[in-house]
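Down below is the structure, laid out as structure tokens.
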Amino acid sequence: MGLSLYNSLTRRKEEFKPLKKGKVGIYVCGPTVYGETHLGHAKSYVSFDVLIRYLRYIGYDVTYVQNITDVGHLLGDAQEGQDRMMVAAAREHKHPMAIAEYYTRNYFRDMDRLNCVRPDISPRATGHIVEQIEMVKTLLEKGFAYEANGSVYFDVSKFRDYGKLSSRNTEEMLAGVRVEVSQDKRNPVDFALWKKAEPNHIMQWPSPWGMGFPGWHLECSVMAMKYLGKTIDIHGGGLDNKFPHHECEIAQSEAANGVQFVRYWVHNNMVTVDGQKMSRSLNNFINLKQAFSGTHERLTRYYEPLAIRQLVLNSHYRSPLDFSDAALFGAQSGYNRITETVQAVRKRMAQAERGELAPKTGEQLKHLREKFEAAMNDDLNTSIALAVLFDLVRLANKLLEDNKTTMETLNAVEILFSRLGGDVLGIVQDEYPQLEHADNESIGKLVDIVIEQRNEARKDRNFTKADNLRGRLEDIGIVLEDKPDGTQWRWKG
RNA sequence: GGCGGCGUAGCCAAGUGGAUUAAGGCGACGGUUUGCAAAACCGUUAUUCGUCGGUUCGAAUCCGACCGCCGCCUCCA
């Protein structure tokens, strides 16, 4: 029983079978690089990251393409609306390409912190203007598009399957049209492939139809096709992009190529903050840097990137996820528990006695791995997968209570933590920074001096002094823990 | 207005016709351990799944109405 995925196109779970045996080509809609990354990005990209990681875990050779949208997309079909790249450029007094560059790097850095694997290819829309123009020409030649006043539109009436992804028909769409329709369109539902640029538009390119810029949907079709072929295995994106973006991608790609564009459409759900849509006007718009540092009035503390990642994995990718301080707090506590257990296992491995892997433990571990894989195979049920990891935590802690647990047994536990919690879920790290050296070596040495003093006091049964020292360290955020093998310290979580 | 989805304990969240005690995490409470803590381990914490009806031998799971929320229909992931 292999992986099955919910395919938005067929509206049911299907067993995943790639076009080419052993290989998977996947395209995920990337960010428009004009502003800070936020919690919505975290949910979206962590979800797809786990898909990529799991495909690799079960042995596929994955090519992961995720675009960077660095073309501002002025005026959609209406006569209003602003090009976000241009707005950001004006706001920051920079060239749009400087904005794109800055926020692209920023995006990668934040995704790195969330432990998302980088795409194999991160194509930029502006780097593929030539290919986009070629595709528009093809669509014109095949009669699926028409030119009007320097712009080119896709003629939706020529593509019968339009609406198959989002289950809409054109009559319904017409009824729902509320914005003023461009005069150039033959039909209100037609969409722009190429837009004529006004002279003051900063980002524009020469084309057979004059100076202009590509329509929004075009870049994804072109870049997916260029790097993954005319038919790709998986296309991922946010539910909000199902219509019109993905519907239009299908139309133009299948019209141009005459073959199916995407075999499995995977859409992830949206986030809310404190139960409401995240928006600047509600003052609940939290960007990742604010979450990582705790500098937002809705947050009582900072949250580690991997704790945020864990909260994302706590729910299913197709369910909406509500971020709240309480939910984040819970995720941070759970993350701490996993982290501490993993570290304890690794530490004990260095000193444990050699011997056989305990058969009973071996059986338990085998069972956990099977349960984990079954959950992931069922449309990536990370919620259950995470529950398995907590089962492993409990098992590991029990083994740690027994001094006779062998190194081989601990090693088997560690492997499961690393493969399932690390390789697949991305919340267990290969190495954790050593606290003693994290900030400043001197701090570690100072704390050691205090610990020494306190332990002398304890030996003298002067607990007032001992508790005083511990309390004062806690006041500055350092927690002492008396373990069987000595006193440990850590920063307060 | 049209289309789609959701509503499970104090909080987050699986499960979506019948084994099930309705996973797991957080929090809270009790116990073991500890000089006291912390951490860890053990136990308790939803006779009930938004509300009201219906279908069925049987529903959190299917149908209808209502209430609340979310998404798309306007280039937000």
Side-chain angles (χ1 to χ4, degrees), chain A residues 11 28-32 34-35 37-45 47-48 69 71-78 80-84 166-169 171-179 189 191-192 215-217 236-245 248 267-272 275-279 310-311 314-316 318-338 340-341 344 375 381-391 393-394 396-398 400-401 458 461-463 466-467 470-471 474 479-484 487-488 490:
Chain A
R11 282 173 214 86
V28 172
C29 280
T32 301
Y34 71 103
T37 52
H38 51 71
L39 293 174
H41 292 112
K43 167 153 168 92
S44 182
Y45 297 120
S47 298
F48 289 115
T69 297
V71 179
H73 291 288
L74 185 64
L75 323 169
D77 303 328
E80 56 197 289
Q82 297 221 286
D83 176 335
R84 288 201 300 276
S166 52
S167 61
R168 289 156 203 261
N169 57 54
E171 291 84 64
E172 275 169 17
M173 285 184 268
L174 278 174
V177 169
R178 290 186 304 191
V179 293
V189 296
F191 58 90
W216 173 42
H217 316 301
L239 206 51
D240 54 336
N241 276 335
K242 199 159 146 188
F243 186 87
H245 186 51
C248 294
H267 288 99
N268 74 286
N269 218 127
M270 314 301 282
V271 306
T272 51
Q276 287 182 297
K277 176 181 169 126
M278 187 167 80
S279 80
Q310 184 165 311
L311 179 58
N314 185 232
S315 69
H316 190 90
R318 282 192 289 115
S319 300
L321 168 59
D322 184 46
F323 279 99
S324 62
D325 188 65
L328 283 162
F329 194 93
Q332 178 73 56
S333 297
Y335 172 72
N336 290 157
R337 184 155 160 239
I338 293 171
E340 279 169 30
T341 300
N381 194 328
T382 52
S383 191
I384 290 176
L386 198 58
V388 172
L389 208 63
F390 277 106
D391 287 342
V393 165
R394 195 170 303 104
N397 280 322
K398 279 189 211 168
L400 287 170
E401 280 185 351
R458 290 173 73 206
R461 304 196 67 78
N462 185 349
F463 297 120
D467 290 348
R470 183 172 63 189
E474 187 166 359
V479 178
L480 298 191
E481 296 179 353
D482 299 322
K483 306 271 172 114
T487 302
Q488 309 280 322
R490 61 178 170 84

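Below, read A as the first sequence line, B as the second, and so on, with proteins coming before strands; counting in each chain starts at 1. Keep in mind it's a predicted model, so treat the numbers as computed, not measured.
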Q. Should we say atom CZ of R11(A) is surrounded by more than 12 heavy atoms from elsewhere, each under 6.0 Å from it?
A. yes

Under 4.0 Å between any heavy atoms, over every strand shown, what does [X] touch: base, sugar-phosphate, or nothing? Just pick one.
| X | value |
| --- | --- |
| V271(A) | base |
| L328(A) | nothing |
| G238(A) | sugar-phosphate |
| F390(A) | sugar-phosphate |
| R394(A) | sugar-phosphate |
| S324(A) | nothing |
| H245(A) | nothing |

Could you please name the partner base of [N], counting Watson-Crick and G-U wobble pairs only when both distances are under 3.5 Å?
| N | answer |
| --- | --- |
| C69(B) | G5(B) |
| U34(B) | none |
| G18(B) | C57(B) |
| U47(B) | none |
| G10(B) | C26(B) |
| A77(B) | none |

(Q) For the residue pair D322(A) / T272(A), report whether a side-chain donor-acceptor contact shorter than 3.5 Å exists. (A) yes

For [N], does OP1 or OP2 lie under 4.0 Å from any side-chain N or O of [X]?
| X | N | answer |
| --- | --- | --- |
| K242(A) | G5(B) | no |
| T69(A) | C75(B) | no |
| N397(A) | A39(B) | no |
| R337(A) | C26(B) | yes |
| S166(A) | C73(B) | no |
| N314(A) | A13(B) | no |
| R318(A) | A14(B) | no |

Taking the side chain of [X] as heavy atoms from C-beta outward, which of [options] is closest to it?
| X | options | value |
| --- | --- | --- |
| S333(A) | A13(B), C26(B), G35(B) | C26(B) |
| D482(A) | A14(B), G71(B), A37(B) | A37(B) |
| K398(A) | C42(B), C12(B), A77(B) | C42(B) |
| S44(A) | C70(B), C42(B), A77(B) | A77(B) |
| E481(A) | A13(B), C36(B), A39(B) | A39(B) |
| S315(A) | A38(B), A13(B), A40(B) | A13(B) |

(Q) Can you give me the closest heavy-atom contact between P31(A) and Y45(A), atom names plus distance? (A) N-OH, 3.3 Å

Using atom [atom1] of each nucleotide, how far apart are [N] and [M] to the nearest Å?
| N | M | atom1 | result |
| --- | --- | --- | --- |
| C3(B) | U8(B) | P | 25 Å |
| A22(B) | U47(B) | P | 11 Å |
| C6(B) | A39(B) | C1' | 39 Å |

(Q) When you compare the side chain of L311(A) with that of L328(A), does any pair of heavy atoms fall below 4.5 Å? (A) yes

